[in-house]
Amino acid sequence: MSEAKAPSNFIRQIIDRDLAEGKNDGRVVTRFPPEPNGYLHIGHAKSICLNFGVAESYGGACHLRFDDTNPEKEEDEYIQSIQRDVEWLGFEWAGPVRFASGYFDQLHDYAVQLIEKGLAYVDTQSPEKIAEMRGNFTTPGQDSPFRDRSVEENKALFAKMRAGDFDEGEAVLRARIDMTSPNLTLRDPVLYRIRKKAHHQTGDKWVIYPMYDFTHPLSDAIEGITHSLCTLEFEEHRPLYDWLIEHLDVPAEPRQYEFARLNLNFTVTSKRRLKLLVDEGHVDGWDDPRMPTLSGLRRRGYTPASIRNFCDNLGVSRADSVIDMSLLEEAVRDDLNQNAPRAFCVLKPLKLVIENWPEDQEEWLRAPLHPQNEAMGSREMPLTREVYIDREDFREEANKKYKRLVLGDRVRLRYGYVVRAESVVRDDAGEIVEVRCSYDPDTLGKNPQNDEGQGKMRGVIHWVSARHGLPCRVRLYDRLFDVANPARVAEGESFLDHLNPDSLRVLEGCVVEPRLDGVPAETRYQFEREGYFCVDRDSGADGLVFNRTVGLRESWPREA
RNA sequence: UGGGGUAUAGCCAAGUUGGUAAGGCAGCGGGUUUUGAUCCCGUCAUUCCCAGGUUCGAGUCCUGGUACCCCAGCCA
């Protein structure tokens with residue numbers, strides 16, 4: 001399931017065909033063009049894997065380019081986080097980090113070129129009037145009264161726009177295409193608008209900023225992009241993309257191709273909604289482990305490889321789809337199962353006293369770090385008279401399907417001895433606070449030879465020495481929403497109404513094996529029989545904090 | 001409502017000139033197991049949104065429907 005060969009998809013077929021026809025001198029150049037107005041999420045990962053993956057497998061190049069044409073929404077914090085996330089995923093962009101804002105001079109020249117060709121004009125109607133004149137699905141638009149200004153007048157007006165002589169909203173530069181087109185983006189689209197706001201890259205150099213539709217194709221051309229891959233909603237923008245490439249004297253002829261974006265159920269992947277979750281404090285920040293952001297997944301314990309495999313296994317098509325969250329979870333299990341060292345951690349401690357074990361005796365038992373991979377080595381764990389086991393691993397009575405410790409029956413302490421539960425100790429409230437047991441000294445690495453039920457134990461449970469165990473805190477995460485499609489809720493409801501109140505459960509007083517003392521944040525383990533966990537950066541002097549990435553697969557009869 | 005798209009299993013998805021439905025995940029059955037995990041084996045679409053048509057033969061071609069998605073920012 002891991003290193004699947006790049007599967008056939010329509011993008012690769014287009015590239016194969018282009019290569020066969022000798023287009024672009026055999027070059028394949030793609031780009032990942034995020035707008036720095038939020039953190040990257042799992043949906044971006046699909047685009048990143050596609051763009052970088054395609055470039056890589058064709059010996060081409062992939063650029064990282066910030067599509068930063070709107071100073072109102074963008075911030076440097078996002079520029080930093082996006083680069084960090086792309087690097088974390090393990091991709092290397094070709095050349096420097098690029099910015100659409102780095103092309104503002106050239107873009108301005110292209111705009112003047114359009115004006116000179118009579119293909120663009122300055123419209124001084126109000127924004128409301130422009131919207132009104134655009135018409136709608138059924139009504140064709142009407143020409144602006146300023147549509148036929150002379151080239152000279154347009155040049156002068158555009159220069160005034162640039163000089164700051166107009167206020168925001170007083171003038172825009174529009175392409176002169178067709179106000180009656182059934183494709184609304186062709187009804188004289190706005191190319192430049194006035195924004196008197198400092199830009200994070202260009203400072204106060206500009207007061208006019210190019211629109212995405214104008215900037216993107218030309219940036220692609222400037223960079224020599226051959227295949228400009230974007231999501232489906234840009235499809236009706238393609239005629240404009242092509243129109244600009246056709247009517248301007250550009251150094252290359254990039255082509256745009258659209259694919260379906262990734263949708264995951266039980267979460268949201270729109271920057272607007274993610275930002276709201278952060279801003280209103282429903283989560284702990286962009287990197288809250290419940291967030292589908294790359295930084296959230298990272299903090300949750302996801303590995304770059306697991307996310308890349310997940311994306312590669314999805315395929316690329318033009319059909320709208322919703323991927324099941326369980327596929328993402330399966331991808332990280334697959335990776336961590338192979339690569340995460342094992343450890344013991346008791347989540348809900350219950351004291352087990354081995355009555356025939358001498359008070360001060362401690363025996364260090366060797367256990368592999370990975371049962372199927374000896375190369376990972378082993379560790380030692382101290383067994384003492386008092387150990388902790390999980391409350392859920394003991395019952396006073398149970399049927400045969402319950403493969404754990406039952407009063408009067410035996411179970412194996414994993415990598416240790418077989419014990420038999422003899423009695424329980426209760427507190428005043430009648431709650432069991434301790435289980436008393438006996439152990440069979442002749443069962444280390446072998447089954448009991450001599451008595452009832454030869455061979456197999458009822459089960460195997462994990463444990464941690466009460467004297468040596470490290471107290472820790474464990475955070476159990478569940479899906480953030482309790483409906484499959486939070487973005488689509490009933491009239492009058494908000495997606496926030498469907499936040500899962502139990503998406504985070506914090507377990508205090510857990511006990512982990514001593515060897516994990518001081519391990520750094522982001523170290524990942526499989527806590528045997530529990531799941532995959534990751535050390536959180538909140539760990540410190542007062543103990544380790546673990547985030548549960550995902551549980552182990554569970555398939556046992558619920559009637560047990 | 002005009003335009004642009006998309007329909008193949010529970011979820012993705014391949015299917016290139018029409019030649020008899022890949023693969024993954026999930027499910028189900030079994031085996032191994034000192035993790036109820038992993039691993040292994042087997043099984044899982046007489047049918048491709050629907051209805052007609054062409055053809056010896058249609059997921060692929062034709063005709064007519066249906067459902068869903070996107071577009072009316074000086075956002076990207």
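Side chains included, hydrogens not; waters and symmetry mates left out as well; all remaining heavy atoms used. Convention: sequence-line order gives letters A, B, ...; per-chain numbering from 1.
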Is there a donor and acceptor pair closer than 3.5 Å between the side chain of [X] and the base of [N]?
{"X": "Glu132(A)", "N": "A72(B)", "answer": "no"}
{"X": "Arg342(A)", "N": "U35(B)", "answer": "yes"}
{"X": "Arg412(A)", "N": "U34(B)", "answer": "yes"}
{"X": "Glu530(A)", "N": "U35(B)", "answer": "no"}
{"X": "Glu554(A)", "N": "G36(B)", "answer": "no"}
{"X": "Arg553(A)", "N": "G36(B)", "answer": "no"}

Closest to side chain of [X], choosing from [options]:
{"X": "Leu184(A)", "options": "C11(B), U35(B), C71(B)", "value": "C71(B)"}
{"X": "Ile323(A)", "options": "C12(B), C74(B), G36(B)", "value": "C12(B)"}
{"X": "Gln13(A)", "options": "C75(B), G15(B), G36(B)", "value": "G15(B)"}
{"X": "Leu327(A)", "options": "G24(B), U38(B), C12(B)", "value": "G24(B)"}
{"X": "Leu552(A)", "options": "C12(B), U1(B), A37(B)", "value": "A37(B)"}
{"X": "Glu35(A)", "options": "A76(B), U35(B), A72(B)", "value": "A76(B)"}
{"X": "Phe234(A)", "options": "U38(B), A76(B), U6(B)", "value": "A76(B)"}
{"X": "Arg404(A)", "options": "A76(B), G36(B), A72(B)", "value": "G36(B)"}
{"X": "Tyr402(A)", "options": "U35(B), G36(B), C74(B)", "value": "G36(B)"}
{"X": "Tyr415(A)", "options": "U34(B), A76(B), A13(B)", "value": "U34(B)"}

Students often get this wrong, so: under 4.0 angstrom with heavy atoms, is [X] touching a base, only sugar-phosphate, or nothing?
{"X": "Pro140(A)", "result": "nothing"}
{"X": "Gln125(A)", "result": "base"}
{"X": "Gly531(A)", "result": "nothing"}
{"X": "Ser326(A)", "result": "nothing"}

[X] [atom1] to [N] [atom2]: how many Å, rounded?
{"X": "Asp178(A)", "N": "G3(B)", "atom1": "CG", "atom2": "P", "result": "14 Å"}
{"X": "Leu186(A)", "N": "G4(B)", "atom1": "CG", "atom2": "C1'", "result": "12 Å"}
{"X": "Arg333(A)", "N": "G24(B)", "atom1": "CZ", "atom2": "C1'", "result": "16 Å"}
{"X": "Asn263(A)", "N": "A13(B)", "atom1": "CG", "atom2": "P", "result": "11 Å"}
{"X": "Leu262(A)", "N": "A13(B)", "atom1": "CG", "atom2": "P", "result": "10 Å"}
{"X": "Leu328(A)", "N": "C12(B)", "atom1": "CG", "atom2": "C1'", "result": "13 Å"}
{"X": "Gln372(A)", "N": "C40(B)", "atom1": "CD", "atom2": "P", "result": "11 Å"}
{"X": "Glu235(A)", "N": "U6(B)", "atom1": "CD", "atom2": "C1'", "result": "10 Å"}

- 5′-ward residue of the pair Ala260(A)/Gly416(A) relative to RNA chain B: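 Nearest nucleotide further toward 5': that of Ala260(A).
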
- Upstream residue (5' side of RNA chain B) when Pro34(A) and Leu413(A) are each assigned their closest nucleotide: Leu413(A)

Between [X] and [N], does any side-chain N or O lie under 4.0 Å from OP1 or OP2?
{"X": "Arg318(A)", "N": "A13(B)", "answer": "no"}
{"X": "Arg187(A)", "N": "A72(B)", "answer": "no"}
{"X": "Ser8(A)", "N": "A14(B)", "answer": "no"}
{"X": "Arg195(A)", "N": "C75(B)", "answer": "yes"}
{"X": "Ser555(A)", "N": "A37(B)", "answer": "yes"}
{"X": "Arg193(A)", "N": "A76(B)", "answer": "yes"}
{"X": "Arg134(A)", "N": "G73(B)", "answer": "yes"}
{"X": "Thr69(A)", "N": "A76(B)", "answer": "yes"}

- Mutual orientation of the aromatic rings belonging to Tyr241(A) and His216(A) [parallel < 30°, tilted 30-60°, perpendicular > 60°]: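 If you compare the ring of Tyr241(A) with that of His216(A), the planes turn out tilted.
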
- Query: Are Asp123(A) and Lys129(A) ion-paired here, with the side-chain N under 4.0 Å from a carboxylate O?
  - Reply: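 Between Lys129(A) and Asp123(A) there is no salt bridge, as every charged N stays at least 4.0 Å from the carboxylate O atoms.
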
- Item | Polar side-chain atom of Arg193(A) near backbone of Gly169(A) as donor-acceptor pair, under 3.5 Å | no

- Are the side chain of Glu168(A) and the backbone of Lys196(A) linked by a donor-acceptor contact shorter than 3.5 Å? yes

When both hydrogen-bonding distances must be under 3.5 Å and the geometry is Watson-Crick or G-U wobble, what is [N] paired with, if anything?
{"N": "G2(B)", "value": "C71(B)"}
{"N": "A7(B)", "value": "U66(B)"}
{"N": "U43(B)", "value": "G27(B)"}

Can a cation-pi geometry be assigned to [X] and [Y], taking NZ or CZ under 6.0 Å from the six-membered ring centre and within 45° of the ring axis?
{"X": "Arg479(A)", "Y": "Phe266(A)", "answer": "yes"}
{"X": "Arg174(A)", "Y": "Phe146(A)", "answer": "no"}
{"X": "Arg414(A)", "Y": "Phe344(A)", "answer": "no"}

- Query: When you check the glycosidic angle of G31(B), does it come out syn, meaning within 90° of 0, or anti?
  - Reply: anti

- Query: Can you check side-chain contact (heavy atoms from CB on, under 4.5 Å) on Phe158(A) and Leu114(A), steps first, answer last?
  - Reply: CA-CA 12 Å; Phe158(A) 190 48; Leu114(A) 278 183; over 6 Å; no

- Message: For the base of C71(B) and the side-chain ring of Phe137(A), does the geometry meet a stacking cutoff of under 5.5 Å between centres and under 30° between planes?
- Response: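 So Phe137(A) counts as stacking on the base.
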
- Message: Going by side chain to side chain contact (heavy atoms under 4.5 Å, CB included), Tyr532(A) matches just one of Arg548(A), Arg524(A), Gln526(A). Which one?
- Response: Gln526(A)

